[in-house]
Protein chains: 4
Amino acid sequence: MQILKDEVKRSICTAALAEFKQHGFLKASMRQIAEAAGMTPGNIYRYFKSKEDLFGELLQPVYEELTMAMGTIKQEIDGSLCVEVKDHLSFLRQIDATLIRLFRESSTELNILLNLSEGSEYRAVKGDLVTLVNQIMLDVYGTMSEVPGMLSPREQASARMVASTIMESICLILRENEDGDMIKMLVDELLFMYSVGIGEKMRLRHT
Amino acid sequence: MQILKDEVKRSICTAALAEFKQHGFLKASMRQIAEAAGMTPGNIYRYFKSKEDLFGELLQPVYEELTMAMGTIKQEIDGSLCVEVKDHLSFLRQIDATLIRLFRESSTELNILLNLSEGSEYRAVKGDLVTLVNQIMLDVYGTMSEVPGMLSPREQASARMVASTIMESICLILRENEDGDMIKMLVDELLFMYSVGIGEKMRLRHT
Amino acid sequence: MQILKDEVKRSICTAALAEFKQHGFLKASMRQIAEAAGMTPGNIYRYFKSKEDLFGELLQPVYEELTMAMGTIKQEIDGSLCVEVKDHLSFLRQIDATLIRLFRESSTELNILLNLSEGSEYRAVKGDLVTLVNQIMLDVYGTMSEVPGMLSPREQASARMVASTIMESICLILRENEDGDMIKMLVDELLFMYSVGIGEKMRLRHT
Amino acid sequence: MQILKDEVKRSICTAALAEFKQHGFLKASMRQIAEAAGMTPGNIYRYFKSKEDLFGELLQPVYEELTMAMGTIKQEIDGSLCVEVKDHLSFLRQIDATLIRLFRESSTELNILLNLSEGSEYRAVKGDLVTLVNQIMLDVYGTMSEVPGMLSPREQASARMVASTIMESICLILRENEDGDMIKMLVDELLFMYSVGIGEKMRLRHT
DNA sequence: GATGAATGAGGGTTCATTCAT
DNA sequence: TATGAATGAACCCTCATTCAT
């Protein structure tokens, strides 16, 4: 018994991470994980109560950091009055930076958390991020609207769309790329497109 | 109570559509569909040969229309020389228009086809659309590049990202909205943002 | 309602015969039969109580004729004392003739009865025929044995083998040939081989 | 009560062998096998990938030996010119000896392989054997024919019949007897009858 | 007399999970 | 601590049979 408990646990996590990344939560197989970890399925249950539990333990740290960062940003948003466009962009960039930092630290976990958690308790994380970005967007639109603070349903839907597509796009970039620098570059470019586009759009509307 | 065959078939389709929309092809359960349609599972097989067949019968029309439209657009792209930026946008708008028209006719089906068809024979549809858009993007980038026709790996990755995120975003809009006019508006806005953004970006790079 | 009941019944029988011939009792499908008969499965059950019943009604006549002929032959065997070899052969030829006559009248039914009735109540028919032929063989062997009437286990097993293989071979010929004359020829040839062979064998043993 | 893996596997094989012997491949039920082996169906799949796999693992050794022996015999046949009748008989006896040896080692398996493999990948084995014997028979008939090498359709059908009935008869003997010595005796007797019979038949035809 | 929709029990198979060892 | 055999519920699917119409 020279294998310490922690070492075993780590090997399970490593195997599970790979399996979840490849097949997502729902289609991941406990047997595969056990095999890859060099043990039998039953033993996993000495370390984790269930598939959900194992999944949770892997993603919990990333999830918490993400939640915390989102909480901070949310507070800043709620606390700031008379925000300007570039401030909004700065919020976006904060989110962006958070995601990229998390990605650099835990690329696989973040990828799984955002893109492969269907069927688990984390399935809503992406939606939460969207909601946050949406809040920013509503402010942006609110500032630029003819009647500040009063958004038409169309404008609300538009803001929601922008929030969703930005988040979805960032998730996609995380999903389809492995290299951290490449991801940073692509996300930057994405935000650049959105921002300049949004700026142009707004300018055109008011002239 | 003798129910007419068509009525039963329709009730199966309704139930199946709902089940597929909620769980996707892979996780949809024939038992659930049967229950929702008010019958036993075996009876479904009087109307449809298999789960795949049921899935196919629901999506086939939308799939064919989409494929046909994509084929036409592809031919136009391949056939046109010395394309200009606005032409590229017109291609995008054609794709956009196709999707929106299909969505007006069969919103749920298109949604399932693009977002929930994993595990079925239609699993590649979204990827095909991305590939098509990517082809357009490569032309756009190629035209604007300093050395026309020669794209750096970064530029290629960027084009690929734009293609993917545009398609993903359109899918998302289709997924999260029910009203056809709203969808049209949001997709227009999305493309507007992307195009003006891309234009700005390119202009800035060359000055 | 211009289709008389009998006509419908006959069309069911025709379809059933074909299906049973092709797939045997066990794998025959009531749906297929109904379809081939131009009706729905349920209707068959107005004419026949079950698959077994339908099967039985098709084979009953042939079965009865066969049973009757076998009974007659059995009586002759039991009634004749001090039978000679050629008489035994005549019994074999009677069986042979019976089968061939039945085949000429009802080739498909006999084929099904003997070769494709597994799973039905007729599954034992071939065995019954074997038992009859075996009885003849036991007499043949008994007559030729050194101690008439007393057969060693080996001789009993041998007789049993000959009975089985003859019947099995005849069934095989029925199974693999369609033409009545060809069948007669082949069965004759088979019996000729067996009889001459048996005769030789016996002669050699006693010299 | 932890049972050793091999013991369980063996109990599955035992149960499966009995089930396949009783119902054949197609109608054998995995649930029945599981019950007979004292477990639930799912557990069988820890030991065998599928019904086909289980079937194959039971029959593979016998199948391979049979195939190898048939290959050898076929080569000898193809390689020998101007064969005589007694040589043909020697080929038959080789086949005979092979089957009997295999039967001594694996009676049930051989029985299943030859008689109960419909629906599996082994379904053609008996037919292959018949084809091989037929090849021998065609040579026999060819040698004895008035115009050597030219067989009338009747003669061809006759040869085919002899080949089929011999193989069918040997299978039957294997099927209905358990004792190896008894089987050997019966098959010898069968071939003896056939050969002497064939010889007589030919002699009579030419005088 | 005929329909055909519907059932229910069974088919092979998968897999997260449990537990005696 | 670790095993891995075993379970049980679920999966998709088939088919003889029934019965309201």
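To find a chain, count down the sequence lines: A is the first, B the second, and so on, and within it residues start at 1.
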Report the secondary structure of DNA chain E in dot-bracket form, marking unpaired bases with a dot and bases paired to a different strand with |, and treating Watson-Crick or G-U pairs with both distances under 3.5 Å as paired.
.||||||||||||||||||||
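Side-chain contact between C:T67 and C:E64: absent, with no pair of heavy atoms (C-beta onward) separated by less than 4.5 Å. B:L58 has its side chain out of reach of B:I112: every pair of non-hydrogen atoms, C-beta onward, lies at least 4.5 Å apart. Residues D:V8 and D:M39 form a side-chain contact, since some pair of their non-hydrogen atoms from C-beta on lies under 4.5 Å apart.
Taking atom CD1 of residue A:I44 and atom P of nucleotide F:dA5, one finds them 16 Å apart after rounding to whole Å. As rounded to whole Å, 11 Å separates atom P of F:dT7 from atom CD of D:E35. The distance between atom CD of D:E7 and atom P of E:dT21, rounded to the nearest whole Å, is 14 Å. For the pair A:K9 NZ and F:dA2 C1', the interatomic distance rounds to 16 Å; values are reported in whole Å. Between the P atom of E:dA16 and the CZ atom of A:F48 lies a distance of 16 Å, rounded to the nearest Å.
Taking the six-membered ring for Trp and thresholds of 30 and 60 degrees, C:F25 and C:F20 have nearly parallel ring planes, at less than 30 degrees apart.
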Counting primed atoms, P, OP1 and OP2 as sugar-phosphate and everything else as base, the B/S/- map of nucleotides 10-15 of chain E against protein heavy atoms under 4.0 Å is -BBBBB
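Looking at D:K27 and C:E118, no side-chain N of the basic residue comes within less than 4.0 Å of a carboxylate O on the acidic one, giving no salt bridge. For A:E178 and A:K21, the salt-bridge test passes: some basic side-chain N is under 4.0 Å from an acidic carboxylate O. Salt bridge annotation for D:K9-D:E57: present, with a cationic side-chain nitrogen under 4.0 angstrom from a carboxylate oxygen.
Annotation for A:Y63: atom OH does not count as buried by contact number, only 12 or fewer foreign heavy atoms lying within 6.0 Å.
The shortest distance between the side-chain N/O atoms of D:R46 and the OP1/OP2 oxygens of F:dA5 is below 4.0 Å. Phosphate proximity of F:dT1 to A:Y47: absent, as no side-chain N or O sits under 4.0 Å from OP1 or OP2.
Residue whose closest nucleotide on DNA chain E sits further toward the 5' end, between B:M39 and C:M39: C:M39.
Inspection of the B:Q60 and B:Y122 side chains reveals an N or O donor paired with an N or O acceptor under 3.5 Å.
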